[in-house]
Structure formats: C-alpha cells, structure tokens
Amino acid sequence: MFKLFIIACLFFCGTSAHAENIELFADDGLEWNQREQKITMHKNATAKTPSYELRADNIEAYYKGDKKIYKIFANDNVKIKSEKEKISTDKMLYDIDRERIDLFSIKNPTTLEGTDSKITANDEIIYFKNKNYATAKNAKIEHSGRTLFADDIKITFENKDGKNQVRIVNANGNIKLIDGTEELYGDKAEYNPANGYATIEGNVYFKKGTEANLSGGSILYNMSTGIAKILPKDKNSKVSGVFSTKTTSKK
C-alpha cells in the first residue's frame, strides 16, 4: 500500500475552513503529477483526515501552488463519512472552494444520510455544505418514520449541537408522502418538521388504507395528529371523498 501526507484544505469543512493533514492511501499506486498539480490514486483509494474519510476505487485530487486541494473527483464505490453525514454514490465531484458536492447515480442510487434523515436519489444529489441545503432529482427523503417521494426535492438543514437536521423540505412533481397507512399525493409539497405540517398542492389525493379516499386542490396535513384538511382548488371546485362503511356482524 502506498501512503502520502500533504497539507490540504479540510474536506468536510464548515464556513471557516482551515488546513490540516490529509492522509492518502491506495493499493494500486499513487501518481503525483506536479506539472498538472494532480494526485491520482487507484484501487481502494482513501483520503482521510481526523474529520472525514473518503473511499473510492479511483480518486483524483487537484491542488494549488500552496498545496491546498481545491477539487476532488471520485469514481466507483464512493463512500464518505463524517460526523454530520454519510454519503454513498457512484461518482462525485467536490468543489472545495464553493463547498459544493455533486453526486451522481450511474448504476446504484445515491444516498446522503444526515443525523435525522436519509435522502436517496436515482439521478443526482447536489449538496451545498456552506449554504446548508441539498437538491435531489428522482428522489425520496426518509424522516421521522415518513417517506416523501418527488421528482425534485430541496432539503434545507440547520445545525443543532454540531449535527445537521432537516429544517424544511420543498418538493415538486409526482409527490407521494407516506405516513404509516396514510398516503398523500399531489404536484407540489412543503414538509415542515418545525410546525408539524405538510402542505400539498395541485391535484391532491389523500388515501387512508381502505377507510377513506379524498381529493381536492390542496391538503394541510398535521403530521402530529394525522388530521388532514382538504381544500378545493378554487371557489368553483369541490372536495370529493369516499369513506368505507364496513360493519362487523356478530354471531
């Protein structure tokens, strides 16, 4: 195994980045191209600091004249671990100066797991670490026992006691929210753990097992009580619903 120590910009850094030692490993050699200011690693490649660990089949790291890494590419079996998140993806591009991580699903879904949520995308996840939000395409987010599916999702995080937690979720396209036996559908959604509500708009549909099927223009769903308020699209529209009338016979 080859090993190299260099001084690099902290990979998983907050808004105040600082320099620290980064340790690089690779089973199949480590190429240092000083003209292109690039380090290439193959086979079980690892970049490690006290704050994070990146593993992949292939890693390319680009550095500046001051020996600070400003961009990292990783391909195949990419795994990233830090105190705040865990990431799994097929391909990654990390722009350290902008603190932007682009994650791409090629063969397998990409996952970004925070302290209280898990995002899974079949296309891509873009994570803006310094702005505390991520966007995901063809994705779902799991949070507090609920799952929200959508074509496009934006998740805004907040830092509590050094941990990233979901503050609000905005989603568009083919909305499906599952909460136990309850399913909510629509075109647009806002999921807000802070006030305990999910708001869904556009061709909404509410299904509770075999007990009820409701449709309308929007739904205000209280995630704490399970109470759903169905509203019409406009003053000329109506809310419709079908309720089960099953009875139990006694012998």
Side-chain angles (χ1 to χ4, degrees), residues 7-23 46-56 61 68-72 74 78-89 92-105 109-121 123-137 139-150 152-172 177 179 188-199 221-224:
I7 299 296
C9 176
L10 179 63
F11 185 52
F12 278 113
C13 53
T15 54
S16 58
H18 61 278
E20 65 173 15
N21 286 334
I22 181 170
E23 192 173 1
T46 303
K48 187 176 182 181
T49 77
S51 305
Y52 83 92
E53 181 176 280
L54 164 65
R55 292 180 178 270
K68 288 185 178 180
I69 291 176
Y70 68 93
K71 183 168 59 177
I72 295 178
V78 181
K79 308 287 184 185
I80 305 167
K81 290 174 61 178
S82 77
E83 292 181 358
K84 293 183 179 179
E85 59 264 313
K86 295 179 182 178
I87 295 172
S88 174
T89 189
M92 181 207 73
L93 167 61
Y94 184 31
D95 184 332
I96 293 176
D97 290 340
R98 297 171 63 195
E99 291 196 59
R100 169 174 168 161
I101 306 175
D102 289 56
L103 308 165
F104 303 95
S105 303
T110 290
T111 61
L112 169 59
E113 189 171 351
T115 53
D116 68 342
S117 64
K118 182 179 180 180
I119 307 163
T120 304
D123 289 337
E124 68 177 24
I125 296 175
I126 302 176
Y127 183 23
F128 299 85
K129 292 182 64 62
N130 60 337
K131 297 179 181 179
N132 289 324
Y133 77 87
T135 61
K137 291 185 176 296
K140 68 178 180 179
I141 176 170
E142 298 168 78
H143 179 266
S144 298
R146 306 178 187 95
T147 305
L148 174 65
F149 298 83
D152 296 282
I153 300 177
K154 179 181 177 181
I155 306 96
T156 304
F157 302 98
E158 60 182 342
N159 192 296
K160 287 187 176 181
D161 300 323
K163 298 179 179 180
N164 273 352
Q165 297 184 11
V166 173
R167 184 172 70 84
I168 196 166
V169 178
N170 297 100
N172 289 283
L177 174 62
D179 185 8
K188 183 180 179 180
E190 180 179 282
Y191 178 99
N192 192 330
N195 65 21
Y197 282 94
T199 304
Y221 178 61
N222 187 321
M223 295 183 287
S224 300

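All values reported here derive from a predicted model rather than from experimental measurement. Both backbone and side-chain heavy atoms feed into the values below; hydrogens, waters and symmetry mates do not.
- With rounding to the nearest 0.5 angstrom, the OG atom of S224 is 9.0 Å from the CG atom of N195.
- In the displayed structure, E190 atom CD is contacted under 6.0 Å by more than 12 heavy atoms of other residues, nucleotides or ligands.
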**Request:** Mind running side-chain contact (heavy atoms from CB on, under 4.5 Å) on T46 and E53 for me, showing each step along the way?
**Result:** CA-CA 7 Å; T46 303; E53 181 176 280; 4.1 Å; yes
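- Taking OG1 of T147 as the start and CG of L177 as the end, the distance is 8.0 Å to the nearest 0.5 Å.
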**Message:** Could you go through F104 and T110, starting from their C-alpha distance and side-chain angles, then the distance that decides it, and tell me whether this counts as side-chain contact (heavy atoms from CB on, under 4.5 Å)?
**Reply:** CA-CA 7 Å; F104 303 95; T110 290; 5.7 Å; no
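- In plain terms, the two heavy atoms of Y94 and R100 that are nearest each other are CD1-O, 3.1 Å.
- Nearest heavy-atom pair across V166 and E158 is O-OE2, 4.4 Å.
- Heavy atoms from other residues, nucleotides or ligands lying under 6.0 Å from NZ of K71 number more than 12.
- Distance CZ/F157 to CZ/R167: 11.5 Å, rounded to 0.5 Å.
- A salt bridge does not link K154 with D152: none of the charged nitrogens is closer than 4.0 Å to a carboxylate oxygen.
- Using a cutoff of 4.0 Å between basic side-chain nitrogens and carboxylate oxygens, R146 and D179 are scored as salt-bridged.
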**Request:** Please test Y191 against H143 for side-chain contact (heavy atoms from CB on, under 4.5 Å), starting from the C-alpha separation and ending with a verdict.
**Result:** CA-CA 10 Å; Y191 178 99; H143 179 266; 2.9 Å; yes
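- The side chain to side chain contact (heavy atoms under 4.5 Å, CB included) check on A136 picks up I119, A121, I125, A139, with sequence neighbours excluded.
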**Request:** Go through the steps for K131 and T156 under the test side-chain contact (heavy atoms from CB on, under 4.5 Å), then give the verdict.
**Result:** CA-CA 9 Å; K131 297 179 181 179; T156 304; over 6 Å; no
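- Summarising the geometry, atom CG belonging to L148 is positioned 10.0 Å from atom CG belonging to N170; distances are rounded to the nearest 0.5 Å.
- Between Y197 and N192, every side-chain heavy-atom pair lies at or beyond the 4.5 Å cut-off.
- One distance of note links CD of Q165 with OG of S117; it measures 9.0 Å at 0.5 Å rounding.
- Side-chain contact between T135 and E124 is absent, with no heavy-atom pair separated by less than 4.5 Å.
- Under the 4.5 Å side-chain criterion, counting only non-hydrogen atoms from C-beta, E83 is not in contact with S51.
- Partners of Y133 according to the ring-ring contact (aromatic ring centres under 6.0 Å, His included) rule, which considers only residues two or more places apart in sequence or in another chain, are F128.
- Closest of all the heavy-atom pairs between A47 and Y52 is O-CE1, 3.4 Å.
- Scanning all heavy atoms of the two residues, the minimum distance from T89 to S105 falls at OG1-N, 4.5 Å.
- Shown here are the side chain to side chain contact (heavy atoms under 4.5 Å, CB included) partners of S88, two or more places apart in sequence or in another chain: K79, T111.
- Across every non-hydrogen atom of I101 and L103, the tightest pair is CG2-CD2, 3.6 Å.
- In this structure, T115 and K84 have side chains that are not in contact, with every pair of non-hydrogen atoms separated by 4.5 Å or more.
- Salt bridge annotation for E85-K129: present, with a cationic side-chain nitrogen under 4.0 angstrom from a carboxylate oxygen.
- I87 is not listed as a side-chain neighbour of E113, based on a closest heavy-atom distance of 4.5 Å or more.
- Using a 4.5 Å heavy-atom cutoff, the side chains of V169 and I153 are in contact.
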